[in-house]
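Shown next, in structure tokens, is the structure this report addresses.
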There are 2 protein chains.
Amino acid sequence: MPRLEIDAIDQRIVALLTADARRSASEIGRLVSLSPAATKRRIDRLEEVGVIKGYTAVLDHAKLGHALEAFTELRFAPGTQVDDIDRALVDLPELVESFTLAGDPDALVRVRVDDVDHLKRVIDRVRRGRRGGAKIIGTKTLIVLGRTAGPGERGETG
Amino acid sequence: MPRLEIDAIDQRIVALLTADARRSASEIGRLVSLSPAATKRRIDRLEEVGVIKGYTAVLDHAKLGHALEAFTELRFAPGTQVDDIDRALVDLPELVESFTLAGDPDALVRVRVDDVDHLKRVIDRVRRGRRGGAKIIGTKTLIVLGRTAGPGERGETG
DNA sequence: GTTGAAAGGTGCACGGG
DNA sequence: CCCGTGCACCTTTCAAC
């Protein structure tokens, strides 16, 4: 395993790839004053140590027919293990990401759906929450009206 | 402006770029049985019409020193405009994204911080919510214990 | 960290369906 | 409209330093 330290140049490379993951290693090298080969080695190392987990396209989901986004807060029966929560949600195609939380509610589930009717069906599926012994005793769904990206999503954190 | 219709091949291209945004147009072309040039033209068109808004690196924030993630629910005073909410949150480097919601709470703010002390300072800043006339009358912060990516984040939705 | 050369990807004009 | 081809140019990759 390569060294884990992330120096200032690594941070700039990470920021540049966060802003545009399809930039070439040569261009990044130009921007951080390094040769293409040295830049590529740093990118490879950042991937190896797991600082960079991958690269993804940022989509306009509304244009792909998934116009509605929502968060559903979940409350579980006493004794439910946090790991059970994840198991309760696999195989839900509408799931974007799910969070286990400290406090009340116990989990937050983010879903993307076509319309309110679709949302209703998804919430029904979530509420069943059969798998893994997780017993859902309450849900509260919040419909997203608008979303704004922050600096932390654009690589401006360092 | 190019055509807005997204056919089955476009959807596969979007899914492939969502799974790995750094794949070359030639490789994607091989996977969807199209020439490199035709594939590139489709990718360019998907970007032009805004289906693909950009490309970003997926990071392990814990390895970059931002180990703690949290959601803060916000409640606003009556008469607050939803647009005021976004204006109240600009210039918060710890902000990942913010959502305006239908129902109660009025907004959900996602932040990434170094530790609980840092979180305390960020929540204090959010609670002030000076800008744009947004008056925050209550907050509730949920600390993230764990996160799981769903199919909708990996391009498996189509 | 650099250089350099081979392999492969990109960008563009052209022609065909 | 959208596809493929061919070619010049640029990037990536890897050895050697």
Side-chain angles (χ1 to χ4, degrees), chain A residues 1-66 154-158, chain B residues 1-60 63-65 153-158:
Chain A
M1 183 94 92
R3 73 164 212 282
L4 284 151
E5 297 140 50
I6 309 301
D7 67 16
I9 293 175
D10 289 330
Q11 288 188 358
R12 288 178 63 198
I13 291 172
V14 167
L16 287 165
L17 284 170
T18 302
D20 180 3
R22 277 180 80 80
R23 255 193 271 254
S24 70
S26 327
E27 187 193 342
I28 294 168
R30 254 175 265 130
L31 295 168
V32 303
S33 308
L34 236 49
S35 69
T39 308
K40 182 53 164 45
R41 270 197 295 270
R42 278 174 182 261
I43 294 171
D44 289 345
R45 185 173 52 75
L46 289 165
E47 293 173 0
E48 275 175 51
V49 302
V51 167
I52 297 175
K53 292 192 283 189
Y55 305 93
T56 191
V58 181
L59 307 180
D60 185 334
H61 299 279
K63 289 190 169 131
L64 287 164
H66 314 296
R154 301 192 296 265
E156 295 165 18
T157 301
Chain B
M1 183 92 94
R3 75 162 214 280
L4 285 148
E5 297 138 52
I6 309 300
D7 67 16
I9 293 176
D10 288 331
Q11 287 187 359
R12 288 178 64 199
I13 291 173
V14 168
L16 287 165
L17 283 171
T18 302
D20 180 3
R22 278 182 79 79
R23 258 191 272 249
S24 69
S26 320
E27 187 192 342
I28 293 168
R30 258 175 260 130
L31 295 168
V32 302
S33 307
L34 236 50
S35 73
T39 308
K40 185 55 167 42
R41 277 192 290 261
R42 278 173 181 262
I43 294 171
D44 289 345
R45 185 173 49 78
L46 289 165
E47 293 173 1
E48 274 174 53
V49 302
V51 168
I52 297 175
K53 292 191 284 188
Y55 306 94
T56 191
V58 182
L59 307 180
D60 184 334
K63 289 188 172 136
L64 287 164
E153 202 187 61
R154 300 191 297 266
E156 294 165 20
T157 301

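Just so you know, these numbers use all the heavy atoms, side chains as well, and skip hydrogens, waters and symmetry mates. Protein chains get the first letters and strands the later ones, always in sequence-line order, with residue 1 at the start of each.
For the pair A:Thr39 and A:Ile9, the minimum side-chain heavy-atom distance is 4.5 Å or more. Proximity of A:Val58 to B:Ile52: side-chain heavy atoms (C-beta onward) are nowhere separated by under 4.5 Å.
Rounded to a whole Å, the NZ atom of A:Lys40 is 7 Å from the C1' atom of D:dT12. Rounded to an integer number of Å, the gap from CZ of A:Arg42 to C1' of D:dT12 is 18 Å. Straight-line distance from the CD atom of A:Glu47 to the P atom of D:dT12: 12 Å, rounded to whole Å. In this structure, the CZ atom of B:Arg22 is 14 Å from the C1' atom of D:dT13, given to the nearest Å. We find that CZ of A:Arg23 is positioned 17 Å from P of C:dT10, with the value rounded to whole Å.
In the set D:dT12, C:dG1, D:dG4, the nucleotide with an atom closest to the side chain of B:Ala38 is D:dG4. Of all nucleotides listed (C:dG1, D:dG4, D:dC3), D:dG4 comes nearest to the side chain of B:Ser35.
Listed in residue order, the members of residues 24-33 of chain A having a heavy atom less than 4.0 Å from DNA chain D are A:Ser24, A:Ala25, A:Ser26, A:Arg30.
Taken from CG in B:Leu34 to OG in B:Ser26, the straight-line distance is 11.5 Å, to the nearest 0.5 Å. Separation of atoms OG1 (B:Thr18) and OH (A:Tyr55) is listed at 16.0 Å; rounding is to 0.5 Å. Considering CD1 of A:Ile6 and CZ of A:Arg12, their distance stands at 15.0 Å, rounded to 0.5 Å. For the atom pair A:Leu17 CG and A:Arg23 CZ, the distance stands at 7.5 Å (nearest 0.5 Å). To the nearest 0.5 Å, the span separating CD1 on B:Ile28 from CD1 on B:Ile13 amounts to 7.0 Å. To the nearest 0.5 Å, atoms CD (A:Glu5) and CG (A:Asp10) are separated by 10.0 Å.
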Encode nucleotides 12-17 of chain C as B, S and - characters from 5' to 3', where the letter depends on protein heavy atoms closer than 4.0 Å: B to the base, S only to sugar-phosphate, - to neither. B-----

